[in-house]
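The structure appears below as structure tokens.
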Amino acid sequence: MRVDIISIFPEYFAPLDVSLMGKARERGILDIHLHQLRDWTHDVHKSVDDTPYGGGPGMVMKPEVWGEAVDAVIEDGRAVFGKDALPRLIVPTPSGRPFTQKVALEYAEEPWLLFAPARYEGIDSRVVAEYGERLRADEVSIGDYVLAGGEAAVLVMVEAVGRLLPGVLGNARSVADDSFAPGAMANLLEGPVYTKPPVWRGHEVPEVLLSGHHGRIARWRRDEALRRTLARRPELVARLDRDGLDKHDRRVIEEFGERREERPEERAGERPEERRSAAASRTSFRAAPEDMAD
Ligand code: JD8
């Protein structure tokens, strides 16, 4: 996969030289090109921003500079992909569509991504409009908090996509096991993990994990993942497809609800919306009569 990144802080992407992404580049699986946006300015101050039309705080990034930069980088890539090739343009912005594991899996199928991280108040909106007529241009957000610029979001997305590329992750872990990945544990949070020693500062590793009984271990891990998801992300449980839940799952969800009712102190740190949605997820999973059999 080819990845181009245009930024006024290309040095921000030094982390892509190390660890998993660094190895993916060494192996030629990931081909990352960094570009300094100011290389497409023509004034002595290398200006990339100007005051916002309509007034208001801050500065907006100039369309002409981004236009020249994106056009030049597309020409670069066409030397590799062919004269009509076009990248998928990805513009991080707090007002973008959520970047999710599903979007990461989609991007991992692309041969060529072009990231346009901005600064200031963002890029003149005509740039995305202009390129949106010629290629797939996505405005995406990595989360409901405000960053100072798009670079950190690009780092997040390149790692989330890069680790999905064939040959990047050792076989120690397959992406199929990821939280939020399609499949059995889809949309369940990872459960707790442990390694040696069996006792640390008086804290013991759960006995079942030392039992060697793979069936019980798998069951325990699923239960823990369910409980953690119910406690921290009940809206994800509500999204679980009911047919993917077995009788035991439904009982775990039921008991979680009961325990909450019995021990409201457990809910001490719980935010009202968590309380409400936990209640919601419980009712929608009220155990079916056949579950209560034994
Ligand atoms: C790109 C400029 C800063 C944003 C005025 C603060 C993504 N999840 C996310 N949070 N924030 C961003 C993000 C913030 C950015 C830019 C992405 C470019 N800023 C601006 C508007 C308000 N400042 C993001 N993805």
Side-chain angles (χ1 to χ4, degrees), residues 1 3-16 21 30 32-41 45-70 73 87-110 112-132 135-164 178-180 187 189 232-233 235-236 271 273:
M1 169 188 282
V3 170
D4 286 282
I5 304 172
I6 304 172
S7 165
I8 58 172
F9 299 124
E11 66 276 18
Y12 199 105
F13 299 99
L16 297 177
M21 295 308 110
L30 202 48
I32 298 180
H33 299 252
L34 304 178
H35 310 274
Q36 168 51 262
L37 178 69
R38 295 187 193 280
D39 291 352
W40 287 278
T41 61
H45 302 298
K46 295 185 177 298
S47 321
V48 295
D49 63 308
D50 205 333
T51 53
Y53 273 125
M59 302 291 274
V60 173
M61 300 192 91
K62 296 160 67 67
E64 314 96 306
V65 181
W66 275 103
E68 286 188 41
V70 172
V73 169
R88 186 145 184 184
L89 176 63
I90 301 164
V91 180
T93 166
S95 56
R97 296 183 189 287
F99 177 73
T100 62
Q101 190 66 10
K102 185 165 175 293
V103 176
L105 288 157
E106 193 184 321
Y107 287 170
E109 300 304 316
E110 298 283 347
W112 185 12
L113 302 177
L114 171 45
F115 289 95
R119 283 274 152 171
Y120 307 97
E121 301 307 305
I123 304 173
D124 183 298
S125 299
R126 290 170 288 181
V127 172
V128 167
E130 155 69 9
Y131 286 101
L135 48 79
R136 282 153 311 145
D138 305 350
E139 291 187 287
V140 292
S141 167
I142 62 166
D144 297 341
Y145 39 81
V146 179
L147 302 168
E151 284 77 10
V154 171
L155 276 179
V156 164
M157 289 189 269
V158 169
E159 178 156 325
V161 173
R163 66 183 290 281
L164 298 172
D178 279 347
S179 283
F180 313 112
N187 281 328
L189 301 184
R232 300 176 183 181
R233 299 287 305 280
E235 80 282 1
L236 292 177
R271 295 194 305 281
E273 68 274 10

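The model shown is predicted, which means the values in this text are computed figures rather than measured ones. For ligands, and for the atoms within them, numbers begin at 1 and follow the listed sequence.
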Out of Gly96, Gly143, Gly122, the nearest non-hydrogen contact to atom 8 (N) of ligand 1 is supplied by Gly143
Closest heavy-atom approach to atom 5 (C) of ligand 1 among Glu139, Glu121, Arg119, Met61 is made by Glu121
State if Tyr120 counts as touching ligand 1 under the rule of any non-hydrogen atom under 4.0 Å.
yes
Which pair of non-hydrogen atoms, one from Ala69 and one from Leu37, has the smallest distance, and what is that distance?
CB-CD1, 3.8 Å
Can Asp138 and Tyr107 be counted as having a side-chain donor-acceptor contact under 3.5 angstrom?
yes
May I ask you to identify, for Ala148, whether its side chain, its backbone, both or neither come under 4.0 Å of ligand 1 on a heavy-atom basis?
backbone
Minimum distance, heavy atoms only, to atom 12 (C) of ligand 1: which one of Pro57, Ser141, Pro94 is it?
Pro94
Classify the contact between Val140 and ligand 1 as side chain, backbone, both or neither, using a heavy-atom distance cut-off of under 4.0 Å.
backbone
Regarding Thr93 and Glu139, is there a side-chain donor-to-acceptor distance under 3.5 Å anywhere?
no
Applying a heavy-atom cut-off of 4.0 Å, say which part of Pro92 lies close to ligand 1: side chain, backbone, both or neither.
both
Check this for me: does any side-chain nitrogen of one of Arg88 and Glu106 sit under 4.0 Å from a carboxylate oxygen of the other?
yes
Provide the number and element of each atom of ligand 1 under 4.0 Å from a heavy atom of Val146.
6 (C), 10 (N), 11 (N)
